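Notes for the one structure printed next.
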Protein chains: 2
Amino acid sequence: MARIKKNSTNNINKEKIMATCTETYAMDMIGARWKLAVFYHLKTGPLRFSVLKEKIGDVSDRMLTLHLREMEEDGLLIRNVYPEVPVRVEYTLTSSAMELQPVWDFLRAWGRRHQNIMNGVEPAPLDMTIAYKQPLAS
Amino acid sequence: MARIKKNSTNNINKEKIMATCTETYAMDMIGARWKLAVFYHLKTGPLRFSVLKEKIGDVSDRMLTLHLREMEEDGLLIRNVYPEVPVRVEYTLTSSAMELQPVWDFLRAWGRRHQNIMNGVEPAPLDMTIAYKQPLAS
DNA sequence: TGAGGAACTAACAATAGTGTAAGTATGGCA
DNA sequence: TGCCATACTTACACTATTGTTAGTTCCTCA
């Protein structure tokens, strides 16, 4: 997000894990403060910067910009600039980003259930799972 | 991980999001540097501290301890102390933590595919999805 | 000429997460 | 008595992420 010291132990560890662990690579690009909110609000269609900011609520200009830039670099969304006056900029999720939806669905179900467990309620087993449409190559 | 300033904007934002967004609550407890590695190595059965540390490789005593403590507090694993000499401590994933497996599977598949897209290769559509075993009660 | 709105950007400040090095407790065994 | 091993803990340093404030640019319209 800010400058990263390439040869810090911190960064070396991170790179090493990401190079061998695709789950971590994926987690890394979706796990920042406001990214989930961006996914959530964009999944029903493109929004312009100001609308997105208002919908999210507590985010500052700078934070939203930073996250949007990263998501753009990571191929999770597309930025379209319409040279009107004042300028209009719209953000759209890529189809690859849209495919993450099952993760959010699953995590919501799991999270709700886990909260119950932590509150001493033992809920019914999780009624969701990952299904393979076809056998997975590789 | 370290002390947290309860009334910092940072923490207030985080708490606010977690209170309304179960996905974020879930992401928060699985998204730290070494936690995924812990899940990975423990999913086939309990391991003692030293073995876990060796399997993970680059993690320090302190970091591993911190992550294990958090995961224990979060109900993701159980710590068993056997008062032998020297002491033996074993860590076991809870059944709730085990249920996260589909997330890792999905993220691995999605991540691999997304890496291809980023490299200019347009792969076949994702062949995994979330399936509901039964209608979800909410 | 100057105000106005959208979408930023720069400079700075603070918090949170991660890493290093050295030390502790326990009891067995030489 | 002193050393061993395991599983930590403490104190400190560094890096990364998040937040604040005050601009900036572009063109239009009054």
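By convention in this document, chain letters (A, B, ...) are assigned in the order of the sequence lines, proteins followed by strands, and residues within each chain are numbered from 1. In this text, all values refer to a predicted model and were calculated from it rather than measured experimentally.
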Between [X] ([atom1]) and [N] ([atom2]), how many Å, whole number?
X: B/N7; N: C/dA14; atom1: CG; atom2: C1'; answer: 12 Å
X: A/R3; N: C/dA13; atom1: CZ; atom2: C1'; answer: 16 Å
X: A/L64; N: D/dT20; atom1: CG; atom2: C1'; answer: 16 Å
X: A/M63; N: C/dA10; atom1: CE; atom2: P; answer: 14 Å
X: A/K16; N: C/dT18; atom1: NZ; atom2: C1'; answer: 16 Å
X: B/N10; N: C/dA16; atom1: CG; atom2: C1'; answer: 7 Å
X: A/E70; N: D/dA16; atom1: CD; atom2: P; answer: 13 Å
X: A/E15; N: D/dT15; atom1: CD; atom2: P; answer: 15 Å

_Whether the A/N80 and A/R88 side chains hold a donor-acceptor pair (N or O, under 3.5 Å, no angle test) is what I'd like checked._
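No, no side-chain donor-acceptor contact under 3.5 Å.
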*Does a side chain donor of either A/Q101 or A/D105 reach within less than 3.5 Å of an acceptor in the other side chain?*
yes
*Considering heavy-atom distances to DNA chain D, does B/N11 or A/N11 have its closest nucleotide positioned more toward the 5' end?*
A/N11
*Which residue lies toward the 5' end of DNA chain D, B/K14 or A/K6, if each is placed at its nearest nucleotide?*
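Looking at the nearest nucleotide for each, A/K6 comes out on the 5' side.
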*asked:* Looking at B/K43, I want to see if its NZ is surrounded by more than 12 non-hydrogen atoms of other residues, nucleotides or ligands under 6.0 Å.
replied: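 Atom NZ in B/K43 is packed in, count exceeds 12.
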Measuring to OP1 and OP2 of [N], would you say a side-chain N or O of [X] lies under 4.0 angstrom away?
X: B/N13; N: D/dG19; result: yes
X: A/S8; N: D/dA16; result: yes
X: B/H67; N: C/dT18; result: yes
X: A/R33; N: D/dG19; result: yes

*Is it true that a side-chain atom of A/T24 and a backbone atom of A/I17 form a donor plus acceptor pair closer than 3.5 Å?*
no
*When you check the gap from the basic side-chain N to the acidic O, do A/E90 and A/R79 get nearer than 4.0 Å?*
no
*Please report the C-alpha distance between A/K6 and A/E15 in whole Å, then the side-chain angles of each, then the deciding distance to 0.1 Å, and finally whether the salt bridge (charged side-chain N to carboxylate O under 4.0 Å, His left out) criterion is met.*
CA-CA 9 Å; A/K6 284 287 185 188; A/E15 297 286 320; 5.2 Å; no
*Quick one: do B/W34 and B/Y40 end up in the same hydrophobic cluster if we chain Ile, Leu, Val, Met, Phe, Trp and Tyr together by side-chain heavy atoms under 4.5 Å apart?*
no
_Can you build the contact string for nucleotides 2-11 of chain D? Use B for base contact, S for sugar-phosphate-only contact, and - for no protein heavy atom under 4.0 Å._
---BBSBBBB
